[in-house]
Amino acid sequence: TWLVWSKIDFATLTSIVAFLATNLAVVMMMLGALYLNFKLPKLYRTHWVMLIGSVASAIILAVVTAISAWGLASKWVGA
């Protein structure tokens, strides 16, 4: 609640919520799915082609999330 009562404008608050609800949550779920894939017995794991695509997607999503977090942080600080 401290974030709501601070002097941050509504557009920045909306950007923070959108970042947390979409970018960061999707990356965390993707990394969790990759982790759980390796916890499965070898017979039930994903095919290597799908695994390569999943790892590539996770890397791309992580980079885009980091760029988005950098932009949001600079917007929040006011730079």
Side-chain angles (χ1 to χ4, degrees):
T1 59
W2 67 271
L3 191 61
V4 173
W5 294 107
S6 62
K7 301 281 186 202
I8 301 174
D9 62 338
F10 183 73
T12 305
L13 285 175
T14 305
S15 297
I16 291 170
V17 170
F19 172 75
L20 292 175
T22 56
N23 295 9
L24 192 60
V26 169
V27 169
M28 291 180 71
M29 286 188 295
M30 186 70 165
L31 294 175
L34 286 172
Y35 170 76
L36 290 175
N37 181 51
F38 287 109
K39 299 299 276 182
L40 289 171
K42 191 157 182 78
L43 180 64
Y44 297 110
R45 290 185 190 163
T46 321
H47 192 264
W48 67 271
V49 175
M50 287 295 293
L51 182 62
I52 290 172
S54 299
V55 170
S57 295
I59 291 170
I60 291 169
L61 285 171
V63 168
V64 169
T65 299
I67 292 169
S68 178
W70 183 267
L72 185 61
S74 66
K75 184 178 180 181
W76 192 357
V77 172

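- The CD1 atom of Ile67 sits 10.5 Å away from the CG atom of Asn23 when rounded to the nearest 0.5 Å.
- Distance check: Met30 CE to Ile59 CD1 gives 10.0 Å after rounding to the nearest 0.5 Å.
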Name every donor-acceptor pair, under 3.5 Å, that has one atom in a side chain of residues 45-55 and the other anywhere in the protein, sequence neighbours excluded.
{"residue": "Arg45", "atom": "NE", "partner": "Leu40", "partner atom": "O", "Å": "3.0"}
{"residue": "Arg45", "atom": "NH2", "partner": "Phe38", "partner atom": "O", "Å": "3.1"}
{"residue": "Arg45", "atom": "NH2", "partner": "Leu40", "partner atom": "O", "Å": "3.3"}
{"residue": "Thr46", "atom": "OG1", "partner": "Asn37", "partner atom": "OD1", "Å": "2.9"}
{"residue": "His47", "atom": "ND1", "partner": "Val49", "partner atom": "N", "Å": "3.3"}
{"residue": "Ser54", "atom": "OG", "partner": "Met50", "partner atom": "O", "Å": "2.8"}

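- Listed here is the closest heavy atom pair of Ser74 and Gly71: OG-O, 2.9 Å.
- The minimum heavy-atom distance between Val27 and Ala62, with the atom names listed, is CG2-N, 4.0 Å.
- The backbone N or O of Val64 lies less than 3.5 Å from no partner atom in the side chain of Ser68, so there is not a single donor-acceptor pair.
- The minimum heavy-atom distance between Leu20 and Leu24, with the atom names listed, is CD2-CD2, 3.8 Å.
- Taking hydrophobic clusters as Ile, Leu, Val, Met, Phe, Trp and Tyr residues chained together by side-chain heavy-atom distances below 4.5 Å, Leu72 does not share a cluster with Val17.
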